[in-house]
Amino acid sequence: MAEQADNPNGPYGLMEKIVALCKRRGFIWQSSEIYGGLNGFWDYGPLGVELKRNVKQAWWEDTVRRRDDIVGLDAAIIMNPNVWEASGHLSGFNDPRVDCKETKHRYRADQLGVIYAYDVPEGEDGPTQAELHFAYVQDNAESFINALKKARKYAKKVGLRHFNDTPPTLPFLSAEFEGRLDYVVGPDVDVPGTLTEPRQFNLMFPTYVGALADEDAKAYLRPETAQGIFCNFKNVLDTQRLKLPFGIAQLGKAFRNEINPRNYTFRSREFEQMEIEFFCRPEEADQWYEYWRDLRYQWYVDHGLVSDKLRLRDHEPDELAHYARACADVEYAFPFGVSELEGIANRTDYDLKAHQEHSGRDMSYFDDELWAEKASEFAADKFDGDKKAAKQAAAEAKSKAPYRFVPHVIEPSGGVDRATLAFLCEAYTEDEQPNDKGEMQQRVVMKLHPRLAPTKVAVFPLVKRDGMPATARKIHDACRSAGLASFYDEKGAVGRRYRRQDEAGTPFCVTVDGQTGEDGTVTVRDRDTLDQQRIAADAVVDYVRAHTGGRMAEHIA
RNA sequence: GCGGGCGUAGCUCAGUGGUAGAGCGUCACGUUGCCAACGUGAAUGUCGUGAGUUCGAAUCUCAUCGCCCGCUCCA
């Protein structure tokens, strides 16, 4: 598959082929297409919805149903707006931006400073604002020195008094510059007036709760599912008889007003997440982080991303967000570039503590097992029989670590749509297979992992007579009754039917032929190899189930 | 958000001011005994949308929406 990156049509040609197939076969369509679409929104067609459901189901089974230490959750999409205050999303999503009309640079307004040039005219008491001021990027020495040079030159030119080596600086967002940007020189230009007024880029989706759309009713569609988990941490802890370490998993939609949705479904404004918050003791966080990082990477490998396009990349320390102690990305080399499928982060106790502070609710965990072990150390006889002192010491000890503490959390946060897209890209294969005359012909086949394939088996009568359709239908019905996604087709030549299933990614085709009537066997044709073997018709269900339903992940104990 | 390119049948695209096209796919009938077979026939278009210029617009102009590329952004 690696050679596909060197496809003569180029990487974008490859992506276009994949997109065309997805549209043609009914995997993914643009949302509200008949009205011209809507940027950043997508609809999953009949094949796409099965594929995506299978991705989610595989994740849910592997992370929740097959483990004792993780439970599920389905929180509301709209939460109390204070949640986003606490999580930092409201401020984080509201970075005002400033564009330089000259250089096309974009700056974060809150990261710009301005050298405030002023004068003290003779005979006046206080300083007077000068005409020009000089913006620079904070925490960037070069930018500051550059602005300082420009400011000195200007001061000398117009004869500002008292201008020295340490001129006052003000934040760009100060009231002093409001409506006066015509007099501010941008960081990378020499003339004033090239900076735009700061614009708010609100990446949160606002909405209103209740019939009256006033500001008091303002709420937001969640930008991530994680906060629903943190907010329910105590509920889960209090009702589920769980001990650390344990996790809460959630699948669900999230919404971000991305500035520039692009690359098919990769960056959508409405998307689905699969997130785990795994709570543990602070001292065990590092080892759980490594455990989850490796396990989640392996999950993608186990579901078909076996090429070297899948990568696990540890973030550099300077790349880490302020709340994360460690972070790794599971990345995939899409035709349009290497991009993130899932991030695994050690978020420490940042989130629970933030909610503890903002909500006023206690988010700590008390380790009664450890206490039971150590309680004897606080018996009265350890305090010379002073019961009161013993009780006080015990109460004090119970209120802090190692007995009571706010758990740390490891967050494996994956994008369902991104994973689905990666599976589609990896599966897209062009090979050459002989036709009925033995001539080699190009074939397009979606080599989806059988567990993820939208249809598990297609059942055909070889020809539409001699009772073959009726027998094939019986097999089809048996497959469906067994819970297998089965597809019946009797139209046209069987070769064409096979090839159609190849494009849909169906791993097996079962064909009823003349011999079926004699010995009760059918052929099973393998999607990837085109090999056929005869098996008993009443063994089809077991055969398909054995080859498609099972979890491939043997690493999970 | 900025700059460039593009938008015609389900898909890929041709069509530069004068009757809306091709290939593939889809459907029907016949044929067809295992890999996109063949024959015959058929259906499918707000030419992205809206406005303007013109006797006449898929074609020219403007706006708008969407897609692609670069920049930006990615808490």
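The chains referred to below are lettered A, B, ... by the order of the sequence lines, with proteins before strands, and numbering in each begins at 1.
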Sticking with atom [atom1], work out how far [N] lies from [M], rounded to a whole angstrom.
{"N": "B/C73", "M": "B/G45", "atom1": "P", "value": "46 Å"}
{"N": "B/G18", "M": "B/C71", "atom1": "P", "value": "40 Å"}
{"N": "B/A9", "M": "B/C69", "atom1": "C1'", "value": "27 Å"}
{"N": "B/G70", "M": "B/U16", "atom1": "P", "value": "30 Å"}
{"N": "B/U8", "M": "B/U53", "atom1": "P", "value": "27 Å"}

Between the protein and nucleotides 24-31 of chain B, which nitrogen or oxygen pairs are less than 3.5 angstrom apart?
from: B/U26; atom 1: OP1; to: A/Arg500; atom 2: NH1; distance (Å): 2.0
from: B/U26; atom 1: OP2; to: A/Arg496; atom 2: NH1; distance (Å): 2.8
from: B/A28; atom 1: OP1; to: A/Lys491; atom 2: NZ; distance (Å): 3.3

Expressed as a whole number of angstroms, how long is the span from [X]:[atom1] to [N]:[atom2]?
{"X": "A/Phe41", "N": "B/C67", "atom1": "CZ", "atom2": "C1'", "answer": "16 Å"}
{"X": "A/Ile28", "N": "B/C11", "atom1": "CD1", "atom2": "C1'", "answer": "16 Å"}
{"X": "A/Phe336", "N": "B/C73", "atom1": "CZ", "atom2": "P", "answer": "19 Å"}
{"X": "A/Asp417", "N": "B/C74", "atom1": "CG", "atom2": "C1'", "answer": "16 Å"}
{"X": "A/Asp466", "N": "B/G33", "atom1": "CG", "atom2": "C1'", "answer": "9 Å"}
{"X": "A/Gln30", "N": "B/C65", "atom1": "CD", "atom2": "P", "answer": "14 Å"}
{"X": "A/Arg534", "N": "B/G33", "atom1": "CZ", "atom2": "P", "answer": "16 Å"}
{"X": "A/Asp489", "N": "B/C34", "atom1": "CG", "atom2": "P", "answer": "17 Å"}

Touch class at under 4.0 angstrom, heavy-atom based, for A/Asp329 against every strand present: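 Nothing, no heavy atom under 4.0 Å.
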
Touch class at under 4.0 angstrom, heavy-atom based, for A/Thr523 against every strand present: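 Base, at least one base heavy atom under 4.0 Å.
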
Any strand counts, and the cut-off is 3.5 Å on both contacts for Watson-Crick or G-U wobble. Which nucleotide pairs with [N]?
{"N": "B/G25", "answer": "none"}
{"N": "B/U44", "answer": "none"}
{"N": "B/A63", "answer": "B/U49"}
{"N": "B/G30", "answer": "B/C38"}
{"N": "B/C73", "answer": "none"}

N/O (side chain, A/Asn39) to phosphate O (OP1/OP2, B/C67) under 4.0 Å: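 Affirmative; the distance criterion is met.
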
N or O in side chain of A/Asn263 less than 4.0 angstrom from B/C67 OP1/OP2: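 No.
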
Shorter than 3.5 Å, N or O on both sides, protein versus nucleotides 5-7 of chain B: list them out with atom names.
none

A/Asp477 bridged to A/Arg480 by N-O distance under 4.0 Å: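 Yes, charged N to carboxylate O under 4.0 Å.
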
Salt bridge flag under 4.0 Å for residues A/Arg293 and A/Asp314: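 Yes, charged N to carboxylate O under 4.0 Å.
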
Within the 6.0 Å centroid threshold, strictly below: A/Phe266 and A/Tyr264: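 Between A/Tyr264 and A/Phe266, which both carry aromatic rings, the centre distance is not below 6.0 Å.
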
Between the protein and nucleotides 43-46 of chain B, list every N/O to N/O distance that falls short of 3.5 Å.
none

A/Phe205 six-ring face occupied by A/Arg269 cation (under 6.0 Å, within 45°):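 No - A/Arg269 does not lie over the ring of A/Phe205 by the 6.0 Å and 45° rule.
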
